[in-house]
Amino acid sequence: MSSRYPLLRSIDSPQQLRLVPESTLVKLAGELREFLIETVATTGGHLSAGLGTVELTIALHYIFNTPEDRLVWDTGHQGYPHKILTGRRERMSTVRQLDGLSGFLKRDESPYDTFGAGHASTSISAALGMAIAAEREGADRRVVAVIGDGALTAGMAFEALNHAGDLGTNLLVVLNDNDMSISPNVGGMSNYLARVLSGKLYATMREGSKKVLSTIPTVWELARRAEEHFKGMVIPGTLFEELGFNYIGPIDGHDLPTLVKTLRNLRALDGPQFLHIVTKKGKGYAPAENNPCSYHGVSAFDPQTGKALRKGSQGPTYTQVFGDWVCDMAALDQRLIATTPAMCEGSGLVRFREQFKNRYFDVAIAEQHAVTFAAGLACEGLKPVVAIYSTFLQRAYDQLVHDVALQNLPVLFAIDRAGVVGPDGATHAGSFDLSFLRCIPNVVVMAPADENECRQMLYTGFMHDGPAAVRYPRGAGPGVAVESTMTALPLGKADIRRRGTRVALLSFGALLETALQVGAKLNATVVNMRFVKPLDEKTVVELSAGHDLLVTIEDNAVLGGAGSAVNELLAAQGIECRVLNLGLPDRFAEHGTRDEILAANGLDKAGILAAIRHYLQPQPCQLAAAQVNSY
C-alpha cells in the first residue's frame, strides 16, 4: 500500500481502530476515502455510495464492538469502506474479480459481514431477527441496521419497522439519507438536538414523565402531543415515532465527532432507536459528487479526470436496443406506458423518460407494486412495459402469477441482466427466469440470440394479447445490425441455422453464436429455438427422429429450464431419444467476467465440445454389454 496512507495502513481490524485516539478519526476518514477512490479506479465497482459512508463506517466500528455487536448493511453498495476496515484492505484490488472479493457483503467472506445481500431493503428485517436472537440468549449484544434512503422506499423496510416498533426490541436503525432536499435541516442546531435527544438525561426524563403523566390521561396526551409538535417543527421524525422508534436527527453524516458522540449515546439506550443522518453520495470526489448516478457502479477509470478507461466499442448493448425500441414503439402507440422499479439508467429508460415524461413511471424499489401497477394499467386498455432485471423480478413472483398471468393481461416484461451477469455475482445473477417463467400458464417466453432479434421479440411481445417476457443478457450481443422496421415473429417457431448430422444443438438465447461454432466443429445441426414457451414441438420431434443426440444449450439453470421443456415434450410423446441438457449447474454463480463464469460452467465452446464428446463416448457399462453380446 502507498505510504500516503500511514494511519489506514496501521489498522487491520476494528479492534485496532478502537485503539486509536478519537482525535485522529478525521484524518483516517481522509485516507480511507482517498484509498477507496484509488482502488475502485483500478478495479471498477461501486464508488459513490461508499464515498458517502466513510465517516459513518468509521464511527460505527469505533463505537460498537463488532463483530460481537452485529452490523447489517443494506444491499452492500455502501460496504466498501467496511471491507477495508475489517481486514480486507490488501485484497480490495481483487474486488468483483474471479476468486476475489465480492462486490457485496458475504457471510462466508468475513465474520464482520453478518448478513449477505445484493437486493435492497432487507437490513431491518434481518437485524430485527438478530436482535430477537440476542434477547432470547440473554446476550448484551447490540444490533445496527444501516439502510439507504432509496432502500426505504420498499414496502419490506416499512413492514420491518412496524414489527420492530411493536416488539420494543433493542435495535438501532441508521437511515443514510443522501437526498439533498432535506439538507437545510442539517447544521449546528440539528446536530445539537441530536446529541441532546440521544443523551441519557433526555431519555431518563422522557421515560420518567411517561410513568408520572400516564396516570393522568388527559395531561399525558397533552404532553405527548406537545413533544410531537415540538419535534415535528424541527425534525421529520413523527412517522418513525408513530412506528414505535425514538427518532434522532437528522445530523450531518460527515461530521465525525457528532456521529461518534451520538452513536455512543444511542448504544446505551434500550428499545428501538432510529438515527437519521444526511450524507452526500460521492463525497470527496468531485466527479462522483456532481454525477453520483454515473459513479454508482463504474468500470475502471482515471482517478485524475474521472474518465472511464474504455476498451474498443462492441456495438450497442441489449439494454440500448431495448431503450431505442421502447422509444420507437411509444411513438407508434400512445397506449405504451413504461415502468421500472428504480432502474431507469440500468434498464435503458433515460431517453424514454425525457421524451415521454407523462408515460414513464419509476415506482422506486417496489418490484411487487411495479408488476401489479402494470396489471392495473392493462385492465384499462393500456399496454404496459415493465423494464426489470431478472434478479429483481424474483421479488415480484406472486404478482406475476396472480395479478398478471392468472388474468391473462397484456403486460410485456423486458427482462435485463438475464443469465450470467459477471462481476455482480450470485446476488444479481439472472439464472432462474426461464425456470420460473415457463411453468406459469398464459406467459409467452422469448430469448433472443442477437440484437435485432431482441428488437423483433420486444415488438412481438408488445403486440401479443397476453403476458409476454423477453429475457436478454447484460452487455453487447454478437454485433448483428438492428433493423429499424419491426415485424412480429410467429409464436413458437424456431429457426434452423445449420444442417448437420448425428447431433442437433438446440440453442435458447444468447449462446447461439457459441453453438454455431460448436456445430461447425462437429458438423452438427444448430437451431435457434427463440421461444421457450410455446416450444416449437414440431421441430423438436423432427430433429429427434433424424439425430442420435439432441443437445439443449441455455444461459439459465439447467433444473426446470428450457432443456427440461424439451425432455418433457419427448417423454409425453413417448419418443426415445438421447438428450444432453447444458446450462448453469445447481449452485450459485460466483463473480468474475461473463466469459469466465460461462467457461467455469462449461458453457463456452471448449466446454460444450467436451461435454458432447464425453457423452458420445461408450461408457464402461456399455462396453461390458457390447463384449457380452459379442460372444
Side-chain angles (χ1 to χ4, degrees), residues 418-419 433-435 437-450 452-461 463-464 466 468-472 478 480 487-556 558 560-583 603 608 611-612 615-616:
D433 52 65
L434 294 186
S435 299
L437 285 169
R438 60 171 288 263
C439 65
I440 306 173
N442 296 332
V443 181
V444 171
V445 184
M446 294 170 273
D450 58 52
N452 184 58
E453 196 165 72
C454 183
R455 179 177 173 88
Q456 307 310 326
M457 285 184 176
L458 288 165
Y459 179 75
T460 303
M463 299 304 293
H464 177 63
V470 179
R471 60 98 71 174
Y472 43 89
V480 174
T487 305
L489 302 175
L491 291 185
K493 182 61 179 174
D495 176 28
I496 298 178
R497 298 289 295 271
R498 187 185 193 282
R499 290 285 184 178
T501 60
R502 195 180 179 195
V503 176
L505 308 179
L506 281 58
S507 177
F508 293 86
L511 296 179
L512 176 64
E513 190 69 21
T514 304
L516 285 168
Q517 295 172 17
V518 173
K521 191 76 174 176
L522 298 177
N523 188 29
T525 297
V526 180
V527 186
N528 176 17
M529 292 301 294
R530 290 180 169 175
F531 291 84
V532 178
K533 187 177 183 180
L535 189 69
D536 189 340
E537 298 183 356
K538 180 180 177 182
T539 295
V540 173
V541 170
E542 289 177 353
L543 291 171
S544 69
H547 296 79
D548 297 334
L549 174 66
L550 301 185
V551 181
T552 65
I553 304 172
E554 59 189 301
D555 184 7
N556 183 83
V558 73
S564 292
V566 173
N567 300 346
E568 292 160 13
L569 167 65
L570 297 174
Q573 298 203 12
I575 297 173
E576 293 186 7
C577 177
R578 291 197 292 175
V579 182
L580 172 61
N581 300 133
L582 299 180
L603 291 176
I608 294 172
I612 294 172
Y615 190 88
L616 290 174

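What you see is a predicted model; the values in this text were computed from it and never measured.
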Handout entry: Close side-chain approach of Arg438 to Ser564, heavy-atom, < 4.5 Å
Key = yes
Exercise for the section: Can you see which heavy atom on Ala611 is nearest to which on Leu580, and at what distance? Expected result: O-CD2, 3.9 Å
Practice task
Report yes if some heavy atom in the side chain of Val551 is under 4.5 Å from a heavy atom in the side chain of Tyr615; otherwise report no.
Solution key: no
Practice task
State, yes or no, whether a side-chain contact exists between Ile612 and Leu505 at a heavy-atom distance under 4.5 Å.
Solution key: yes
Exercise for the section: For the residue pair Glu453 and Met446, establish whether any side-chain heavy-atom pair is separated by less than 4.5 Å. Expected result: no
Practice task
Mark yes or no for whether Glu554, through its side chain, and Gly583, through its backbone, hold a donor-acceptor pair below 3.5 Å.
Solution key: no
Completion exercise
Here the gap from Thr525 atom OG1 to His547 atom NE2, rounded to the nearest 0.5 Å, amounts to 3.0 Å
Completion exercise
Interatomic distance, CD@Gln456 vs CG@Asp450, rounded to 0.5 Å, equals 9.5 Å
Practice task
Grab the two heavy atoms, one from Leu434 and one from Ala562, that are nearest each other, plus how far apart they are.
Solution key: CD1-CB, 4.4 Å
Handout entry: Side-chain heavy atoms of Asn523 within contact of Arg502, under 4.5 Å
Key = no
Exercise for the section: Just do the side chain to side chain contact (heavy atoms under 4.5 Å, CB included) check on Phe508 and Val445 with the steps written out, would you? Expected result: CA-CA 11 Å; Phe508 293 86; Val445 184; over 6 Å; no
Handout entry: Close side-chain approach of Val532 and Leu437, heavy atoms under 4.5 Å
Key = no
Exercise for the section: Mind checking the CG-CG spacing from Asp548 to Leu616? Nearest 0.5 Å is all I need. Expected result: 8.0 Å
Practice task
Please name the pair of heavy atoms, one in Leu603 and one in Ile608, separated by the smallest distance, quoted to 0.1 Å.
Solution key: O-CD1, 3.9 Å
Exercise for the section: With sequence neighbours left out, write down each residue that passes salt bridge (Lys or Arg N to Asp or Glu O under 4.0 Å) with Glu537, or none if nothing qualifies. Expected result: none
Practice task
Indicate yes or no for a side-chain donor-acceptor contact from Lys533 to the backbone of Ile440 under 3.5 Å, with no hydrogens or angles considered.
Solution key: yes
Problem - Partners passing side-chain hydrogen bond (donor to acceptor under 3.5 Å, both in side chains) against Arg497 (at least two apart in sequence or in another chain) - result: none
Problem - Close side-chain approach of Thr552 to Val558, heavy-atom, < 4.5 Å - result: no
Problem - Gap separating the NE2 atom of His464 from the OG1 atom of Thr460, nearest 0.5 angstrom - result: 10.5 Å
Problem - Residues that Arg499 engages under side-chain hydrogen bond (donor to acceptor under 3.5 Å, both in side chains), provided they are two or more places apart - result: none
Handout entry: Nearest heavy-atom neighbours spanning Asp555 and Leu511
Key = N-CD1, 4.0 Å
Completion exercise
Interatomic distance, CG@Leu458 vs CE@Met463, rounded to 0.5 Å, equals 13.5 Å
Problem - Inter-residue atom distance Met529.CE - Leu512.CG, 0.5 Å rounding - result: 11.5 Å
Problem - Closest approach of Asn452 to Val480 (non-hydrogen atoms, all atoms of both residues) - result: CB-CG1, 4.1 Å
Problem - Heavy-atom side-chain contact between Asn556 and Arg471 under 4.5 Å - result: yes
Handout entry: Least distance between heavy atoms, Phe531 atom then Pro490 atom
Key = CE1-O, 3.4 Å
